[in-house]
Amino acid sequence: MKINGNEIRPGNVIQHKGGLWAAVKTQAVKPGKGPAYAQVELKNLIDGTKLNERFRSSETVERVRLEQNDYQFLYAQGDMLVFMDTDTYDQIEIPTDFLEERAAFLQEGMKVTVESHEGKPIGVAIPEQVTLAVVEADPVVKGQTAASSYKPAKLENGVRILVPPFVVAGERVVVDTNELTYVRRAE
């Protein structure tokens, strides 16, 4: 689907310079001289490189529609993650480094959305928040009550985050998978 260069919005995926690019940030620029244009920060969906491009309203780009399918995470096998399509029960393998640090938050049976283009997976959306147990937490240091002070803690998946002083080892907490931050205690 062709769109004008000034219609690109964050989250759009476009075909540009022979690759698939996701728009990260867009800014409409109207200089004093010359025509207006859209300044777009693009991220390559295959290798992760970034690029800043200017698109005039007279230019057209090819917007790409991605197929989104629901999958269930089954298990990790070596450096591959195995997912099962919840409709067809087909299994696919995706390299662990494809998800980077978010791979640590996958749990058996977790529902994820796999985005693919022409049958090739290019993105995996995991839940925004997950519940994990704290396996170790530093003790509270007395006298640090002047400002809100957080302490380091290690989660059951090996990830280290900062938690409030009242959280102790053995408790379950809700963690934001995008920001890698503490949200609240789990019920």
Side-chain angles (χ1 to χ4, degrees), residues 1 3 8-26 40-51 61-136 153-163 167 169-187:
M1 175 171 107
I3 61 171
I8 299 172
R9 300 286 174 256
N12 288 164
V13 176
I14 63 170
Q15 192 104 32
H16 182 63
K17 293 187 176 179
L20 286 178
W21 299 83
V24 180
K25 291 183 197 166
T26 61
V40 182
E41 183 181 319
L42 299 169
K43 181 178 181 188
N44 191 306
L45 293 175
I46 308 303
D47 60 16
T49 56
K50 288 201 173 180
L51 176 70
V61 292
E62 185 68 32
R63 183 170 173 201
V64 178
R65 294 258 183 227
L66 301 177
E67 299 103 47
Q68 293 187 335
N69 295 321
D70 292 329
Y71 280 81
Q72 183 178 7
F73 174 66
L74 297 178
Y75 55 88
Q77 181 177 350
D79 61 346
M80 299 299 276
L81 303 169
V82 180
F83 296 91
M84 178 184 68
D85 188 321
T86 55
D87 296 329
T88 64
Y89 302 109
D90 291 338
Q91 292 183 10
I92 60 168
E93 290 185 353
I94 297 176
T96 304
D97 57 353
F98 189 76
L99 280 160
E100 299 169 349
E101 69 270 356
R102 295 179 309 136
F105 291 100
L106 287 172
Q107 299 168 348
E108 276 186 31
M110 179 181 278
K111 303 274 189 230
V112 299
T113 302
V114 175
E115 293 179 325
S116 54
H117 177 65
E118 297 174 352
K120 184 176 189 273
I122 59 169
V124 178
I126 66 173
E128 300 237 341
Q129 297 180 346
V130 295
T131 303
L132 294 164
V134 175
V135 290
E136 57 182 66
K154 186 176 178 183
L155 302 172
E156 63 184 290
N157 62 356
V159 175
R160 294 192 165 276
I161 63 166
L162 294 175
V163 297
V167 174
E171 270 190 89
R172 295 184 63 75
V173 295
V174 177
V175 179
D176 184 315
T177 58
N178 295 322
E179 303 291 322
L180 303 179
T181 56
Y182 168 88
V183 178
R184 66 179 183 277
R185 279 183 173 156
E187 281 86 39

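Computed from a predicted structure; not experimentally measured.
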In Å, rounded to the nearest 0.5 Å, how long is the span from [atom1] of [X] to [atom2] of [Y]?
| X | Y | atom1 | atom2 | result |
| --- | --- | --- | --- | --- |
| Leu74 | Glu93 | CG | CD | 10.5 Å |
| Ser116 | Ile92 | OG | CD1 | 7.5 Å |
| Asn44 | His16 | CG | NE2 | 10.5 Å |

How close do [X] and [Y] get, counting heavy atoms only, and between which atoms?
| X | Y | result |
| --- | --- | --- |
| Val175 | Val183 | C-CG2, 4.0 Å |
| Tyr182 | Leu162 | CB-O, 3.4 Å |
| Tyr71 | Asp90 | CE2-O, 4.4 Å |
| Ala169 | Val135 | CB-O, 3.6 Å |
| His117 | Arg65 | ND1-O, 4.3 Å |
| Leu42 | Trp21 | CB-CE3, 3.7 Å |

Item to check | Pairing residues for Lys50 by the side chain to side chain donor-acceptor pair (under 3.5 Å) criterion, not counting sequence neighbours | outcome: Glu41
Item to check | Under the side chain to side chain donor-acceptor pair (under 3.5 Å) test, residues paired with Arg160 that sit two or more places apart | outcome: Glu136
[Y] and [X], any side-chain heavy atoms less than 4.5 Å apart:
| X | Y | answer |
| --- | --- | --- |
| Val40 | Leu51 | no |
| Val174 | Val130 | no |
| Leu81 | Tyr75 | no |
| Gln129 | Arg184 | yes |
| Lys111 | Pro127 | no |
| Ile161 | Thr181 | no |
| Val173 | Val167 | yes |
| Lys43 | Thr49 | no |

Next on the checklist: Run the side-chain contact (heavy atoms from CB on, under 4.5 Å) test on Met84 and Val82 for me, step by step, so that the C-alpha distance in whole Å, both residues' side-chain angles and the decisive distance to 0.1 Å come before the verdict.
Outcome noted: CA-CA 7 Å; Met84 178 184 68; Val82 180; over 6 Å; no
Hey, is the main chain of [Y] close enough, under 3.5 Å, to the side chain of [X] for a donor-acceptor pair?
| X | Y | value |
| --- | --- | --- |
| Gln107 | Thr131 | yes |
| Thr96 | Asp79 | yes |
| Thr177 | Glu128 | yes |
| Glu171 | Val134 | no |
| Thr26 | Arg9 | no |

Item to check | Intermediate values then yes/no, side-chain contact (heavy atoms from CB on, under 4.5 Å), Gln68 and Val114 | outcome: CA-CA 6 Å; Gln68 293 187 335; Val114 175; over 6 Å; no
Item to check | Evaluation steps, side-chain contact (heavy atoms from CB on, under 4.5 Å), between Asp87 and Asn69 | outcome: CA-CA 9 Å; Asp87 296 329; Asn69 295 321; 5.8 Å; no
Next on the checklist: Regarding Arg172 and Glu156, does a basic nitrogen lie under 4.0 Å from an acidic carboxylate oxygen?
Outcome noted: yes
Checklist entry - Leu20 and Val13: side-chain contact (heavy atoms from CB on, under 4.5 Å), yes or no, with the steps? => result CA-CA 7 Å; Leu20 286 178; Val13 176; 4.3 Å; yes
Next on the checklist: Just to verify, what does Phe73 make a ring pair (Phe, Tyr, Trp, His ring centres under 6.0 Å) with, not counting sequence neighbours?
Outcome noted: Phe83
